[in-house]
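Structure first, then comments.
Protein chains get the first letters and strands the later ones, always in sequence-line order, with residue 1 at the start of each. Basis for what follows: all heavy atoms, side chains included, without hydrogens, waters or symmetry-related copies.
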Amino acid sequence: MTRHSIRDKVAIVGMGCTKFGDLYDRSGADLLTDAAGGAFETAGIANEDVDAFFFGTVVSGVSGLTLSRALGPGYRPVSRNENMCATASDALRQAAYAVASGACDVAMAIGMEKLKDYQFLGLPNAQAGTDGTGSWLSSPAAFSMLVPAYSRRYRVPEEQIKEAIARIAWKNHHNGALNPRAMFQREVSLESICSSPAVAGRLGVFDCSGLSDGAAAAIVVPAEDAHRYTAQPVFLKSISLIVGPGDGAAHPQQDYSTFPEVVRCAEEAYEHAGVGDPRADLALAEVHDCFTPTELVLMEDLGFSERGRAWQDVLDGCFDLEGELPVNPDGGLKSFGHPIGASGLRMVFETWLQLRGEAGKRQVGNGRTRAMAQNLGGEPGALVCAVTIVGSERG
Amino acid sequence: MPGLIGYGGYVPAWRLARKEIGAFLGARAGRGERSAAAWDEDTTTMGVAAARIALASQTETATGPLFFATTAPAYLAKSNATAVHAALDLDPGAGAFDLGGGLRAGIGALLAAHRSGGIAVLADQRGGPAGSADEALGGDAAAALVFGGLRPVAELAGVGHATREYLERWQVPGEGRVRNADARFVDHVQAGLIDGAVTAALKDADVPATDIAHVAVAAASSKAKAAVAKAVGRPPTDLADDLASPVGFAGTAHWALLLAGLLDRADPGDHLAVVAVGEGVSVVVFEATSALPAYRSDRKAPALADLLAESTPLPYGRYLAWRGTLAVDEPVRAAPQPFSLVAAERNARWKYGLVDENGQRLADEQATVVELAVDYAADSPALPATLAAVEFRSGRRLTVELADAADVRVGDQVEMVFRRIRTTEGVHDYFWKARPIRR
């Protein structure tokens, strides 16, 4: 657990986000320049004004040089990090701590992934360097185990869960259709979702998010300086990172209906941010819908739904765009796409737009002033999780 | 001299019906079936399977060296015996040696194991070009014979050989193809060798032919049976079932597979003769002891008949794809990298022996399926792959692939099997999978 909260010590004053998708014509450098440019512009600063960069990517770069080459002019600190799908959130966390420590006045967190340059399906191979005995479970197969586990634990028929997760897919595509940056900008019918070819377990093609290319960036400054850059800064209430022991596959108590790493990460984030009732306090939440049952389980692990009730809340529309607590109003990983090292910052980008009233057709209008971005990486039993809570007001 | 204290025969569950070959190729259909190793099996893994059966029921703990014989080694120029040794978690002080090259290897392994009180593990995988006799009449199988001191279930009563240099079936290193001599020439040579070997074995065992309870013939050619029948003075129909169906001729392991079958039926005092025909002839005569019935009733591993009864039809197209005869399209995936040889050596006892950090050999334990994932996105030649989180009695869990998986449910019992996960850049990745217990 991080000992001290940095609530209201740091503010985001500029953000940029590229379109996500199969961006064959754009290089990693193009994406970095585009995302950083958006952040500089909205913060009203120039590249030279940044004291330190925190660059996250999983497979699309080596060292800080990848960023330095793209943006120039060089001769500044560029830290490169990787933390699976939570990479960009971790980059933001490090930028925030750099500013909160007083060492930097202006820091940039930027995440980028150029997966399509690798030309292959699925995630990069992880067996190199190991003894070859690690599980060869694909990502969809690993998360597909949530469905029967949830079904057995709460005695909910799998058909009912299928209905709920189809609704999640439908919701996220519906939201993505309103988002000019999303990879997929078309509504998808429930029939298409339910009849899509099987990928793993009860999951079909439409239950799985698509890996893609993209980048997103944020400019972070001390909260007391925020007004110098923008009339509408977004204040960081908490940014928590929890890395589990990674032993779930061998653990006798491993329960595939919950993510302990997420529960603990959210607890810490809520405590530091002073969020008592997330469903009532948050204006919106961006969560890591790598697969539809993941989003379902997250509703409970994040405290939005009671245990065993998320499927019902989903079907009741609680998390729809017009619902009580909009979840993934920007379309989520599902329709926005998932450039692994950028997604965490893409989520924060939506909270940024929403809290500043700039979300256009997706604008949430419930008057609440705080929002969450939750990001996880790995597989059930071996996860890293990051939760970022932001707010438009100090206090 | 050491006696036989354990034995086992292993046949993979998959069966290729010979008429399918005929139908597919528009050629004459054969009869019956042949056994086919699964896509994740090879002679090393089948040898391990047979050895585990033999060692599970041995009357005392074998301590001698391991001799591994095959004509279809997983690696050339590298010991496969050491992999078998590691998968059986044998004493590092026990030797492990390979015999290969030709069909004589299995008999060589027997003689070496017998003399030194060790374990002979024989495995073979026979096939050939699509439509060939080698393919239709060959079989994939393994057998193991364990020798030791105190309470043998059978004694090696005598052996006889007829050795001759002639080309029957051969392959030159670096060449993909296996060549065969004219079948009638081979039959002719073998017919000339059989009588001498049989006579020598009977003399060595000091048993007349009429006193042999069961005679079995392991040969690629059906003509050998007639010659053996003549040599032992009984009609060919009196010879034991040669498992031409549902196994086929399983190379250097076949005679030992037949022996396992005979031992499963023999009465104490019975003499059993197995004639191993191929690149020469050897005849082995065993005598069953009074300890054999108890061995069979107490055994903790399946009998050969149980494995022969487990029969899963394998479509011919899939057999061809598994053997690499048919090139199959692959999705564009991240190129798998071989595992780290260094990490594998460091963790060899876990990787090959499935011995965990507490010294517990999970390979010998049954487990329960706790959660399942049927994976169409797996990087596997046999989709969908089925993976499962399985839980052992100790509570420890492992997420593994299910081998030969059919209709599996959460709650089913599984046993661990040693398989070849994949081969990447010429490196075989061996590990354990779980297999539903069907018996």
Side-chain angles (χ1 to χ4, degrees), chain A residues 59 115-116 118-153 158 196-205 207-208 211 247-257 291 293 379-382, chain B residues 330-352 354 356-357 362 370-380 383-401 409-411 421-422 424 427-433:
Chain A
V59 293
L115 287 170
K116 292 303 154 179
Y118 285 89
Q119 274 211 289
F120 53 65
L121 304 173
L123 296 165
N125 183 279
Q127 291 282 344
T130 71
D131 64 10
T133 66
S135 159
W136 290 87
L137 260 182
S138 70
S139 206
F143 285 91
S144 77
M145 286 155 81
L146 302 179
V147 174
Y150 187 99
S151 169
R152 276 201 307 280
R153 178 169 172 184
E158 281 193 12
S196 66
V199 174
R202 300 303 307 260
L203 306 188
V205 170
D207 291 300
C208 308
L211 296 173
D247 65 353
H251 204 287
Q253 268 92 54
Q254 172 61 22
D255 175 351
Y256 290 94
S257 67
F291 302 95
E379 61 178 39
Chain B
E330 287 180 4
V332 182
R333 292 199 176 275
Q337 303 216 310
F339 55 88
S340 158
L341 304 184
V342 177
E345 190 277 335
R346 212 163 43 227
N347 301 336
R349 218 170 163 217
W350 167 249
K351 181 175 176 65
Y352 299 100
L354 209 63
D356 72 11
E357 56 278 356
L362 299 179
V370 169
E371 203 54 86
L372 274 174
V374 175
D375 193 352
Y376 291 88
D379 187 3
S380 165
L383 287 179
T386 304
L387 291 106
V390 302
E391 186 168 302
F392 295 92
R393 237 191 333 267
S394 56
R396 194 203 200 285
R397 288 193 191 175
L398 199 59
T399 300
V400 281
E401 194 173 339
R409 307 236 151 90
V410 168
I421 308 288
R422 67 181 57 249
T424 311
V427 179
H428 299 318
D429 188 358
Y430 291 107
F431 190 50
W432 294 80
K433 298 188 179 182

Looking only at heavy atoms and a cut-off of under 4.5 Å, which of Ser144(A), Ala198(A), Ala142(A) has the most pairs with chain B?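 Highest number of pairs under 4.5 Å: Ala198(A).
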Greatest number of heavy atom pairs closer than 4.5 Å to chain B - which of Ala149(A), Ala141(A), Pro197(A): Ala141(A)
State the OG1-CE distance between Thr399(B) and Met145(A), to the nearest 0.5 angstrom. 5.5 Å
Separation between CG of Asp131(A) and OH of Tyr352(B), rounded to the nearest 0.5 Å: 9.0 Å
What part of Arg152(A) gets closer than 4.5 Å to chain B, counting heavy atoms only: side chain, backbone, both or neither?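 When you check distances to chain B, only side chain atoms of Arg152(A) fall under 4.5 Å.
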Select one option (side chain, backbone, both, neither) describing which atoms of Pro148(A) are under 4.5 Å from chain B's heavy atoms. both
What part of [X] is in contact with chain A, defined as an atom under 4.5 angstrom from a non-hydrogen atom: side chain, backbone, both or neither?
{"X": "Glu391(B)", "result": "side chain"}
{"X": "Phe431(B)", "result": "side chain"}
{"X": "Val370(B)", "result": "backbone"}
{"X": "Arg422(B)", "result": "side chain"}
{"X": "Ile421(B)", "result": "side chain"}
{"X": "Trp432(B)", "result": "neither"}

If I compare all heavy atoms of Asp375(B) with all of Ser138(A), which pair ends up nearest, and what's the gap?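 Asp375(B) and Ser138(A) have their closest heavy atoms at OD2-OG, 2.5 Å.
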Could you list the residues that satisfy ring pair (Phe, Tyr, Trp, His ring centres under 6.0 Å) with Tyr150(A), not counting sequence neighbours? Tyr154(A)
Does the side chain of Asn347(B) come within less than 4.5 Å of Thr133(A)'s, by heavy atoms? no
Residues which pass side chain to side chain contact (heavy atoms under 4.5 Å, CB included) with Ala250(A), listed by chain and number, not counting sequence neighbours: Arg396(B)
Keeping Arg397(B) on the side-chain end and Pro252(A) on the backbone end, is there a donor-acceptor pair under 3.5 Å?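 Yes; judged by distance alone, with no hydrogens or angles, the pair exists.
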